[in-house]
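Model, not experiment: these values are computed from the prediction. Just so it is clear: chains get the letters A, B, ... in the order the sequence lines come, proteins before strands, and each one is counted from 1.
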There are 2 protein chains.
Amino acid sequence: MDKSICPRFEKAMGLLSQRWTGMIIYQLLFGPQRFCTIESSVGVSGRVLSERLKDLETEGIVKRDVYPETPVRIEYSLTDKGLALEPLMRDIEKWSQNWLEA
Amino acid sequence: MDKSICPRFEKAMGLLSQRWTGMIIYQLLFGPQRFCTIESSVGVSGRVLSERLKDLETEGIVKRDVYPETPVRIEYSLTDKGLALEPLMRDIEKWSQNWLEA
DNA sequence: TATACTTACTTACATAAAGTAACTAACTAA
DNA sequence: TTAGTTAGTTACTTTATGTAAGTAAGTATA
């Protein structure tokens, strides 16, 4: 048979199936947030969070804004491309509620 | 803040964000398939495929049927719980077509 | 002036997950 | 008896992730 799957689908799945990526995007649906907030709410280590946010920024899914306050505030938020993933996240919510035990 | 996310959602995301799991489920939407077909169409190694199929069977997402032909035919297919993931897969398809380059 | 405090990372090192290739089991066919 | 098939498993290597300590930039405090 060999690889008849759409490469765009494969890329999307590759992104979303990296560990923590989905949770980070889901968390950002609640609004812009800073590094340490995402870190503690999602439960991801700083090392990996840093890596993921860079990747997501490169992919144009996440935006990084710097506010030179004291101490500096850096906020991460979803771009339109990132926000377009909301229906998908809602589907996961629905599926988990219908098919997983509490 | 710390972990206000629904544990069922977290479990669902944990399942789906394991490498290859999404692709395996997507491939099975085309119908029941044998081990070697999934292996070559998805591009996953036998070692990991074997592991994932066991996990998915344990979770009740995939079903394994043995047909004692020659050589033996073993078919993997989605249960109702697995089929319920189709809308999600379609959303990933849509998103990838709208937002990723060809 | 020096020490401490904050956020947002990065670095070094240990452990876990995944890739690769060879191997096994059960069966049939030549 | 040797070879061929599918469905795995095993041993070993490479990559990804977790953990904990360290850095940089800035302000406030003693």
Shortest side-chain distance from B/Ile74, nucleotide among C/dT6, D/dT6, D/dG8: D/dG8
Selection from C/dC9, D/dT6, D/dG8 that lies nearest to any side-chain heavy atom of A/Ser50: C/dC9
Side chain of A/Thr70 (C-beta onward), nearest among D/dT9, D/dT27, C/dT11: D/dT27
Whole angstrom value for the distance that separates P of D/dT17 from CE of A/Met23: 16 Å
Nucleotide nearest A/Cys36 (side chain, heavy atoms from C-beta), chosen from D/dA7, C/dA8, D/dG18: C/dA8
Shortest side-chain distance from B/Glu51, nucleotide among D/dG8, C/dG19, C/dA18: C/dA18
Same cluster (ILVMFWY, side-chain, under 4.5 Å), B/Ile38 and B/Tyr67: no
Partner nucleotide, any strand, of C/dT1 [Watson-Crick/G-U, under 3.5 Å]: D/dA30
Nucleotide C/dC9, atom P - distance to CZ of A/Arg73 in whole Å: 14 Å
Interatomic distance where CG belongs to B/Leu49 and P belongs to D/dA7 [whole Å]: 10 Å
Atom-pair distance (CD on A/Glu69; C1' on D/dT27), nearest Å: 13 Å
Rounded distance in Å - CD (B/Gln18) to P (D/dA16): 16 Å
Audit row: A/Leu85, A/Leu78, side-chain contact (heavy atoms from CB on, under 4.5 Å) steps and yes/no: CA-CA 10 Å; A/Leu85 290 165; A/Leu78 295 173; over 6 Å; no
Lys/Arg-Asp/Glu bridge criterion (N-O < 4.0 Å) met for B/Glu51, B/Arg19: no
No-hydrogen, no-angle side-chain donor-acceptor test under 3.5 Å, B/Glu93 and B/Tyr26: yes
Nearest-0.5 Å distance that lies between atom CD1 in A/Ile61 and atom CG in A/Leu53: 11.5 Å
A/Arg52 side chain near D/dT17 phosphate (N/O to OP1/OP2, under 4.0 Å): yes
Interatomic distance where CD belongs to A/Glu39 and P belongs to C/dC9 [whole Å]: 11 Å
Spacing of CG belonging to B/Leu15 relative to CH2 belonging to A/Trp95, to within rounding of 0.5 Å: 6.0 Å
Contact under 4.0 Å: B/Arg64 side-chain N or O vs D/dG8 OP1/OP2: yes
Side-chain N,O (A/Trp20) to OP1/OP2 (D/dG18) below 4.0 Å: yes
Residue met sooner reading DNA chain D from 5', once B/Gly46 and B/Arg34 are mapped to nucleotides: B/Arg34
Donor-acceptor pair present, B/Arg19 side chain and C/dA18 base, under 3.5 Å: no
Side-chain N or O of A/Lys54 closer than 4.0 Å to phosphate OP1/OP2 of C/dA8: no
OP1 or OP2 of C/dA14 under 4.0 Å from side-chain N/O of A/Arg47: no
Phosphate contact (C/dC9 OP1 or OP2) by A/Tyr76 side-chain N/O below 4.0 Å: yes
Rounded interatomic separation in angstrom, taking CD from B/Gln33 and P from D/dT6: 15 Å
A/Phe35 CZ - D/dT23 C1' separation (whole Å): 14 Å
